[in-house]
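Just below is one structure, and these are the notes that go with it.
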Amino acid sequence: MRKGFDNKKYLKVQSTRIRERFKLFDKLYLEIGGKLFDDSHAARVLPGFQSDAKINMFKELKDELEIIYCINAGDIEKNKTRSEYGITYDMEMLKLINNSKKMGFTVNSVVITLYNNQPSVDKFIKKLNRNGIKTYIHTFTKGYPTDVDTIVSEEGYGANPYIETTRPLILVNAPGPGSGKLATCLSQIYHEHKRGINAGYAKFETFPVWDLPLKHPVNLAYEAATADLKDVNMIDPFHLQEHGVTAVNYNRDVEMFPVLKNILNKVCENDIYKSPTDMGVNAIGSCITNNEVIEEAAKKEIVRRYYQETNNYKMGLCDEDTFKKIKLLMNELEIDESFLDVIEPAIEKSKKENVPVISIKIGRKIITGKQTNILTPAGSLILNAMKELTKIPDEMNLLSPNILEPMLNLKHELNTGNRLTLPEILTALSICSTTNPIIEKAINNLKKLKGCEAHATYIVDNGDKRTLKNLKINLTCEPEYLPGDEYYMAE
């Protein structure tokens, strides 16, 4: 993979900027936009960026920080799901907490925002408390967003409970957007200043990249990723007026800045920030080393997002405006679906053989896997990819009929399908690898599939899809169900 980003430089520069910012205050509440762990979007659009870069950077500061997580009560009630993982926000919250503790970070608490006595939320709070996790409840802030005098009073932020913190840097993170991170930060700053503590606010938002052009593919890829939120990148007018420098931000931050500035000025009694860009500590743009590589990667990501949203539309998870907006971004960049050269071979093979197909690009070669009487397309694909990577002849079977037959018989008895899925194939291979060194070598080569592009002529079911994603394969799918497989619509 050609790299276009200097991850080592990023860790150094970004941590320096954060240190400089929290030295301005006795205590800094740092809102983390995007993912604290496994930032796969950044890794895809910035080849060379390590998906765990942000959390690894904070490792150097972990003795000086603690983490507060926020979750919107409405998202718990609606069972809102993280599409890339297929798990609900409340489960993602537990995962974030466990990952943080495993890495040695101090998790202060969880804030349930916009609480309105939802029974499902009460159950979640009990679950957190039983696992030794402190919880706080925030309801709607009286006066928000226009009545600043009420917001910054005992009726507004003062009505929220104060969260006891002991370290100079507080990371405020969430499983997704709209979780109440900003309101939690501002509420805490209000309480800190009432106690005579000089607390401040800053935002660590990776995208859009403020010092790249407005229409740079990386910034347009951010618009594609947030198309369901209706986010739009724009020039920060406050930054341009104050500093004479063109900076890119997005509509929600720009629109809310006058209100946010008034709130911060009233709480802190000090006019620190002149623009929404001033509030950020993003150093990512300065670490790009090859713009050509970055632009190509970002364009590919936009196409992937287009397919993701066409699939979501098919499954009733979004409206058509979402994928149409991404299509407009593709038109603006003068690209179409063929920009991912793995797509057409899958479609052509599927039409030729009249079966569902998945294709994958390994190096410069495109490998395909089709549905057979005993294998799903994903199972066929990975077996063929392993043969290619390990230089195993195509006619050689990695799994013998003696192994496959009893597995299929059991599936028939349990009524769990007529074909072996990718997880089942990998399980069988791992067992055989203990006595077969060729299979062991083939399994070890699976890591070489990381970052490869793949395309399916159908909406891949959750089991195969999750396994392909765990292999770090960039999968896109045609928005079509497998004929007769109506159960897909319920997943």
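Just so it is clear, the model here is predicted, and its values are computed rather than measured.
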Exercise. How long is the gap from CG on L182 to CG on L260, to the nearest 0.5 Å?
Worked result: 5.5 Å

Exercise. CD1 of I431 to CG of L426: how many Å apart, nearest 0.5 Å?
Worked result: 11.5 Å

Problem set entry | By side chain to side chain donor-acceptor pair (under 3.5 Å) - contacts of E301 (at least two apart) | H41, R44, R304, R305

Exercise. How about Q50 and N7: does a side-chain donor come under 3.5 Å of a side-chain acceptor?
Worked result: no

Seminar exercise, completed: Hits for side-chain contact (heavy atoms from CB on, under 4.5 Å) against P423, two or more places apart or cross-chain, chain-then-number order -> T421, D464, T467

For this session: Report yes or no: does T226 contribute a side-chain atom to a donor-acceptor pair with the main-chain N or O of L229 at less than 3.5 Å?
Result: no

Exercise. How would you list, by chain and number, every residue that makes a side chain to side chain donor-acceptor pair (under 3.5 Å) with K411, sequence neighbours excluded?
Worked result: E424

Problem set entry | ring pair (Phe, Tyr, Trp, His ring centres under 6.0 Å) partners of residues 369-393, not counting sequence neighbours, each pair once | none

Exercise. Short question: side chain of N290, backbone of V293 - any donor-acceptor pair under 3.5 Å?
Worked result: yes

For this session: Any chance you could lay out the side chain to side chain contact (heavy atoms under 4.5 Å, CB included) test for Y89 and I71, step after step, and finish with the verdict?
Result: CA-CA 8 Å; Y89 271 37; I71 186 168; 4.1 Å; yes

Exercise. M234 and V248: side chain to side chain contact (heavy atoms under 4.5 Å, CB included), yes or no, with the steps?
Worked result: CA-CA 6 Å; M234 58 194 303; V248 177; over 6 Å; no

For this session: Would you sort out whether D122 and Q118 count as a side-chain hydrogen bond (donor to acceptor under 3.5 Å, both in side chains), showing the intermediate values?
Result: CA-CA 6 Å; D122 291 335; Q118 299 97 325; over 6 Å; no

Exercise. About how many Å separate CD1 of I343 and NZ of K361, when rounded to the nearest 0.5 Å?
Worked result: 12.0 Å

Problem set entry | Shortest non-hydrogen contact between G451 and N474, atoms and distance | O-ND2, 3.4 Å

For this session: Would you confirm whether the ring centroid of Y481 sits within less than 6.0 angstrom of the ring centroid of Y458?
Result: no

For this session: Without swapping roles, check the side chain of D6 against the backbone of C287 for a donor-acceptor pair under 3.5 Å.
Result: no

Problem set entry | Any donor-acceptor pair under 3.5 Å from N219 side chain to P213 backbone | yes

Exercise. Could you state the interatomic distance from OG (S120) to NZ (K78), rounded to the nearest 0.5 Å?
Worked result: 11.5 Å

Problem set entry | side-chain hydrogen bond (donor to acceptor under 3.5 Å, both in side chains) assessment of Y307 paired with E337 | CA-CA 9 Å; Y307 273 103; E337 294 86 335; 5.0 Å; no

For this session: Output all residues satisfying side chain to side chain donor-acceptor pair (under 3.5 Å) with K387, sequence neighbours left out; order by chain, then residue number.
Result: none

Seminar exercise, completed: Residue pairs meeting side-chain hydrogen bond (donor to acceptor under 3.5 Å, both in side chains), one or both in residues 425-438, sequence neighbours left out, come to none

Seminar exercise, completed: P406 and N402 have their tightest heavy-atom pair at CD-O, 3.1 Å

Problem set entry | Heavy-atom closest contact (C432 atom, I403 atom, distance) | SG-CD1, 3.0 Å

For this session: Say whether, by atom type as modelled, one donor and one acceptor occur between the side chain of T16 and the main chain of K12 under 3.5 angstrom.
Result: yes

Exercise. At what distance, to the nearest 0.5 angstrom, does OG1 of T368 lie from NZ of K352?
Worked result: 10.0 Å

Seminar exercise, completed: Here the ring pair (Phe, Tyr, Trp, His ring centres under 6.0 Å) pairs for residues 314-365, sequence neighbours left out, are Y313-F323

Report all side-chain donor-acceptor pairs from residues 389-397 shorter than 3.5 Å, counting only partners two or more places apart or in another chain.
from, atom 1, to, atom 2, distance (Å)
T390, OG1, M386, O, 2.7
T390, OG1, N445, ND2, 3.0

For this session: Would you kindly say whether N444 and E440 are connected by a side-chain donor-acceptor distance under 3.5 Å?
Result: no

Exercise. What do the steps show when you test F5 against Y10 for ring-ring contact (aromatic ring centres under 6.0 Å, His included), and what is the final call?
Worked result: CA-CA 8 Å; F5 186 84; Y10 174 69; 5.6 Å; yes

Exercise. Can you find a side-chain donor-acceptor pair between N311 and Q308 that sits under 3.5 Å?
Worked result: no

For this session: Check whether any side-chain N or O of K365 sits under 3.5 Å from a backbone N or O of E388 as a donor-acceptor pair, and report yes or no.
Result: no

Exercise. Given L375 and R419, is the side chain to side chain contact (heavy atoms under 4.5 Å, CB included) satisfied, shown in steps?
Worked result: CA-CA 5 Å; L375 297 174; R419 296 177 181 87; 5.7 Å; no

For this session: Sequence neighbours left out, what passes side-chain contact (heavy atoms from CB on, under 4.5 Å) with N131? Give chain and number order.
Result: K127, I133

Problem set entry | Test item: side-chain donor near acceptor, T277 and D236, under 3.5 Å | yes

Exercise. Would I294 and H216 satisfy side chain to side chain contact (heavy atoms under 4.5 Å, CB included), going step by step from the backbone distance to the final call?
Worked result: CA-CA 10 Å; I294 297 300; H216 191 285; 4.1 Å; yes

For this session: Name the orientation class of the two ring planes belonging to Y250 and Y222 (parallel below 30°, tilted from 30 to 60°, perpendicular beyond 60°).
Result: tilted

Problem set entry | Closest heavy-atom pair and its distance - A378, L422 | O-CD1, 3.9 Å

Problem set entry | Spacing of Q14 atom CD and K54 atom NZ [to the nearest 0.5 Å] | 9.0 Å

Problem set entry | Derivation and outcome, side-chain hydrogen bond (donor to acceptor under 3.5 Å, both in side chains), residues K469 and S40 | CA-CA 11 Å; K469 287 195 171 187; S40 53; over 6 Å; no

Exercise. Between K327 and Y306, is NZ or CZ placed under 6.0 angstrom from the six-membered ring centre and within 45° of the ring axis?
Worked result: yes

Problem set entry | K472: side-chain contact (heavy atoms from CB on, under 4.5 Å) partners, not counting sequence neighbours | D38, K450

Exercise. Got a sec, which residues hit side chain to side chain donor-acceptor pair (under 3.5 Å) with T310, two or more places apart in sequence or on another chain?
Worked result: none

Exercise. Any chance the side chains of K349 and T457 put a donor and an acceptor closer than 3.5 Å?
Worked result: no

Exercise. Just by distance, with hydrogens left out, do H455 and T476 show a side-chain donor and acceptor under 3.5 Å apart?
Worked result: yes

Exercise. Closest heavy-atom contact between S100 and V107?
Worked result: CB-CG2, 3.6 Å

Exercise. Does a side chain donor of either N249 or H239 reach within less than 3.5 Å of an acceptor in the other side chain?
Worked result: no

Exercise. K215: what forms a side-chain contact (heavy atoms from CB on, under 4.5 Å) with it, not counting sequence neighbours?
Worked result: L220, E332

Problem set entry | Heavy-atom closest pair, residues I358 and A454 | CG2-CB, 4.4 Å

For this session: Determine, step by step, whether F238 and F257 satisfy the ring-ring contact (aromatic ring centres under 6.0 Å, His included) criterion, reporting the C-alpha distance in whole Å, the side-chain angles of both residues, the deciding distance to 0.1 Å, and the verdict.
Result: CA-CA 9 Å; F238 303 98; F257 180 69; 5.1 Å; yes

